[in-house]
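Report on the following structure.
Note that the coordinates shown come from a computational prediction; the quantities given were computed from them, not determined experimentally. Letters go in sequence order (proteins before strands), and every chain restarts at 1.
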Number of protein chains: 2
Amino acid sequence: MPKLGMEPIRRDALVKAAIAEIGEAGSLDVTVSQIARRAGMSSALAHHYFGSKEQMLVATMRHILTLFGAEVRGALAMARSPEERIEAIVRASFSSQNFRAATAASWLHFYLQAQTSDQTRRLLRLYHRRLRSNLMVGFTPLVADPARASETIGALIDGVYLRQVLRPEAMSNEEAVALVLADVQRLIREG
Amino acid sequence: MPKLGMEPIRRDALVKAAIAEIGEAGSLDVTVSQIARRAGMSSALAHHYFGSKEQMLVATMRHILTLFGAEVRGALAMARSPEERIEAIVRASFSSQNFRAATAASWLHFYLQAQTSDQTRRLLRLYHRRLRSNLMVGFTPLVADPARASETIGALIDGVYLRQVLRPEAMSNEEAVALVLADVQRLIREG
DNA sequence: AGGGTTATTGATTGACGAGTCAATAAAGAA
DNA sequence: TTCTTTATTGACTCGTCAATCAATAACCCT
């Protein structure tokens, strides 16, 4: 029962199914057929809209990055001080449905994918640069070496994230945020 | 020209070739044939000695973990104070040839593999527990919440490691060590 | 109604890769 | 020497999966 204007709907469904499938399988070995089935269509249709598996995964990562970017921007808009700016970024990094099991696994997947795919690498660098730049703005009025502080907190966020992918039960979202924020506070107190 | 007692030699060659191959490809998609060819034998022989690809990769991870464990033990033997214990662990985490490009990529690979392979997961948990326990011993006389401190430094190590896999040029080994140790110092000063 | 476009899929192709096997050869044991 | 064990490989099987294609159907416009 073909209706017109299906393209955006299908693409969206596929991207979301890809995240869910990667998260559930906890693995990189997700096939186009699995994703397509979960999205309620044939694999042929997936290829029809994305051309290739890689393009589909790139679109998936772009989607994750877009959501994350929106969340950061939203939180930053509320921030009234440098401290609050940093806190906003940390909270966004661990926030909401989006940043749980499925998304986290996908995220990690793309970290690896970035070693072989140019497009993925470019996307990831972009995210890194933005994160770093946002942290820097917050840290600059507060510490002597904002670059160093941003690097530390950025790495700490990645590390906590990585551990959450492996052992989701070991630490809750709030605990993760608290852990990172405590380190932020130490950095600030040190000046 | 079959000589006897080839088994340990072949196994060793395969394990080392696997690390090199994963590191060079920067990817999980390493075939048994590629690894075997690099190790100077046929893929059939690799199967003969390891039974399956998974067993071969488990042996590879075990090898990496063994090397790391030895390095940590060596450094700990020299430590004369709690501070030095912690420093020893951090230095070992980023030390030497072993912990560069190829090994780091393999390491990250196993993090993912752990989500699907029971054996790999067990190995990784063992490593985590030991690392945590070692850090705890160092932190206990120095800070109020040693568990929290160990968790923070453990995550920071993983995060810095992850970033080095992605952008090896961004930070040198020594810089990585310095970054982590600075955070250790902050934790200690805080008490 | 009929031509063009979009949506959709089952079936197929083509590649690649893990694991198996039968065959060859050398070393040691009897 | 002959038998057994170990080493070794090329060729093969079997499965899987990305990608393609041909066919079908609904929608829109004229």
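- Residues B:Phe110 and B:Tyr127 form no side-chain contact, since every pair of their non-hydrogen atoms from C-beta on lies 4.5 Å or further apart.
- Among the atoms of the strands shown, none is found under 4.0 Å from any heavy atom of B:Phe50.
- What separates CG of A:Leu45 from P of C:dT8 is a distance of 5 Å, to the nearest Å.
- For residues 132-150 of chain B, the side chain to side chain donor-acceptor pair (under 3.5 Å) pairs, not counting sequence neighbours, are B:Arg132-B:Glu151.
- Applying the side chain to side chain donor-acceptor pair (under 3.5 Å) definition to pairs two or more places apart or across chains, those involving residues 76-90 of chain B are B:Glu87-B:Arg91.
- The phosphate of D:dT6 (OP1 or OP2) has no side-chain N or O of B:Tyr49 nearer than 4.0 angstrom.
- Separating the CE atom of A:Met6 from the P atom of C:dT5 is a distance of 20 Å, rounded to the nearest angstrom.
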Donor-acceptor pairs are to be reported for all side-chain atoms of residues 178-191 of chain B against protein atoms at under 3.5 Å, with residues two or more places apart or in another chain.
| unit_1 | atom_1 | unit_2 | atom_2 | d |
| --- | --- | --- | --- | --- |
| B:Asp183 | OD1 | B:Arg186 | NE | 3.4 |
| B:Asp183 | OD1 | B:Arg186 | NH2 | 2.9 |
| B:Arg189 | NH1 | A:Glu190 | OE1 | 2.9 |
| B:Arg189 | NH1 | A:Glu190 | OE2 | 2.3 |
| B:Glu190 | OE1 | A:Arg189 | NH1 | 2.9 |
| B:Glu190 | OE2 | A:Arg189 | NH1 | 2.4 |

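- Regarding A:Arg37, its CZ atom lies at a distance of 11 Å from the P atom of C:dG10, rounded to whole Å.
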Could you go over nucleotides 18-21 of chain D and give all protein N or O partners under 3.5 Å, atom names and distances?
| unit_1 | atom_1 | unit_2 | atom_2 | d |
| --- | --- | --- | --- | --- |
| D:dA18 | OP1 | A:Lys53 | NZ | 2.7 |
| D:dA18 | OP2 | A:Val32 | N | 3.0 |
| D:dA19 | OP2 | A:His47 | NE2 | 3.1 |
| D:dA19 | OP2 | A:Lys53 | N | 2.7 |

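- Atom CD of B:Gln55 and atom C1' of C:dG19 are 14 Å apart (whole Å).
- Contacts of A:Arg73 classified as side chain to side chain donor-acceptor pair (under 3.5 Å), with partners at least two apart in sequence or in another chain: none.
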Listed pairs under 3.5 Å, donor-acceptor, residues 9-23 of chain B side chains, sequence neighbours left out:
| unit_1 | atom_1 | unit_2 | atom_2 | d |
| --- | --- | --- | --- | --- |
| B:Arg11 | NH1 | B:Glu7 | OE2 | 3.1 |
| B:Arg11 | NH1 | B:Tyr49 | O | 3.0 |
| B:Asp12 | OD2 | B:Lys16 | NZ | 2.9 |
| B:Glu21 | OE1 | B:Arg38 | NE | 2.4 |
| B:Glu21 | OE1 | B:Arg38 | NH2 | 3.3 |

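- For the segment residues 7-17 of chain B, residues with any heavy atom less than 4.0 angstrom from an atom of DNA chain D are, sorted by number, B:Glu7, B:Arg10.
- With sequence neighbours excluded, the residues that form a side-chain contact (heavy atoms from CB on, under 4.5 Å) with B:His48 are B:Leu45.
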Sequence neighbours excluded and cut-off under 3.5 Å, please list the side-chain donor-acceptor pairs for residues 54-64 of chain B, or say none.
| unit_1 | atom_1 | unit_2 | atom_2 | d |
| --- | --- | --- | --- | --- |
| B:Glu54 | OE2 | B:Ser117 | OG | 3.0 |
| B:Thr60 | OG1 | B:Met56 | O | 2.8 |

